[in-house]
2 protein chains.
Amino acid sequence: MRPLFHPALEDIRPEAILYALSDPERVAIFAKLATAGCGGTCSALADLGDRVIPKSSLSNHFKVLRESGLIRSERQGVEMRNQTRCAELDERFPGLIRSILVAYGQLPGQLETMSREKSRDGQ
Amino acid sequence: MRPLFHPALEDIRPEAILYALSDPERVAIFAKLATAGCGGTCSALADLGDRVIPKSSLSNHFKVLRESGLIRSERQGVEMRNQTRCAELDERFPGLIRSILVAYGQLPGQLETMSREKSRDGQ
DNA sequence: TCAACAGTTCCGAATTTCTGAACTACGGAA
DNA sequence: TTCCGTAGTTCAGAAATTCGGAACTGTTGA
């Protein structure tokens, strides 16, 4: 297995982020990952409720998320641990991830403190 | 020529917005359109500096932008007038368009007053 | 009626996406 | 050590999408 590629923060491109998150399945995966308490393994995320994502497709979704800079993946024993790079990303693209998740109606609790411009003026 | 389709505000899907703006050429077009004073015709937007977009590709870019709900197109005589739907969009997806354009380093002056959560807390 | 222009549609080539099947990597049991 | 089971990756070919030149449509002005 070839080593996993993760772009450096400064190499993350907005078009890659938007492309990765223009697929509702990937958004669902990313949003679940951003939810504290989720193990972050592939198999834990395959079930979308209405359909189970084939594992080759799932693996590809993780690759797209990883190489766009949205998540970090690390092998831990037999499984893969995935976590979002939200904090870093918010530094580089302030408010971007947050407003995307809000648009999808997927803002998880953990992210509610991500951007400072949060609930300052009543909304 | 078949009539131009524009989605109603409530039918606009975030995945379509992100997909449309995951292409840097379309972002460049959209950002130019958002700039006050730009005529908004296709031919006025074909020149990207480093390359001229073929007109069939350009027409397709406009179609993607239009059908995702990002712009409104209206025939005016022989040419087509295009304008962004930023104000409406910001109502439906607060802060989204703004943070995307900021991420691309493309925030035009007109939009600086778009979102209320702007420069409230120093940045 | 015709020519010129702005933009759209068509269609074939190139690229990308999808997913089942085969494969690799690791851990545990014997 | 060898074998097995589990987690995930890679491969490969079918399907879908994108790209862009050529032909076409709609509009204005002569």
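Residue numbers begin at 1 in each chain, while the letters A, B, ... track the order of the sequences.
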Is any NZ, NE, NH1 or NH2 atom of the basic residue among Glu88(B) and Arg72(B) found under 4.0 Å from an Asp or Glu carboxylate oxygen of the other?
-> yes

dG20(D) C1' sits how many Å from Asp23(B) CG, rounded?
-> 14 Å

Want to settle it: does Tyr19(A) or Ser43(B) sit nearer the 5' end of DNA chain C, counting the closest nucleotide to each?
-> Ser43(B)

Distance-minimising heavy-atom pair for Ile12(A) and Arg92(A) | O-NH2, 2.7 Å

Donor-acceptor contact present, side-chain Asp90(A) to main-chain Leu96(A), <3.5 Å = no

Identify the two heavy atoms, one from Leu45(B) and one from Lys32(B), that lie closest to each other, and give their separation to 0.1 Å.
-> CD2-CB, 3.4 Å

Looking only at atom types and distance, does a side-chain atom of Tyr104(A) sit under 3.5 Å from a main-chain N or O of Leu21(A), one as donor and one as acceptor?
-> yes

What is the distance, rounded to the nearest whole Å, between atom CG of Asn82(B) and atom P of dG7(C)?
-> 8 Å

Expressed in angstrom and rounded to an integer, what is the separation of Met80(B) atom CE from dT28(D) atom P?
-> 13 Å

Report which part of the nucleic acid Arg51(B) touches: base, sugar-phosphate, or nothing (heavy-atom distance under 4.0 Å, all strands).
-> sugar-phosphate

Sorted by number, the residues of residues 58-68 of chain B with heavy-atom contact under 4.0 Å to DNA chain C | Ser59(B), Arg66(B)

How long is the line joining CG of Leu4(A) and C1' of dT9(D), in whole Å?
-> 10 Å

Reading nucleotides 20-29 of chain C 5' to 3', which nucleotides get B (base under 4.0 Å from a protein heavy atom), which S (sugar-phosphate only), which -?
-> BB--SSBS--

Return all side-chain donor-acceptor pairs below 3.5 angstrom for residues 51-62 of chain A, not counting sequence neighbours, or 'none' if the list is empty.
residue, atom, partner, partner atom, Å
Arg51(A), NE, Glu25(A), OE2, 2.5
Arg51(A), NH2, Glu25(A), OE1, 3.3
Arg51(A), NH2, Glu25(A), OE2, 2.7
His61(A), ND1, Arg26(A), NH1, 3.3
His61(A), NE2, Glu25(A), OE1, 2.9

Taken to the nearest whole Å, CD/Glu25(B) to P/dC19(D) is 8 Å

With side chain to side chain contact (heavy atoms under 4.5 Å, CB included) as the test, would you mind laying out the steps for Leu70(B) and Thr84(B) before giving the verdict?
-> CA-CA 6 Å; Leu70(B) 281 160; Thr84(B) 70; over 6 Å; no

For Gln106(A) and Ala31(A), the nearest pair of non-hydrogen atoms, with its separation, is OE1-CB, 3.7 Å

Among side-chain atoms of Ser22(A) and Ser22(B), is any donor-acceptor pair under 3.5 angstrom?
-> no

Give the rounded distance in Å between these two atoms: CZ of Arg81(A) and C1' of dT6(D).
-> 14 Å

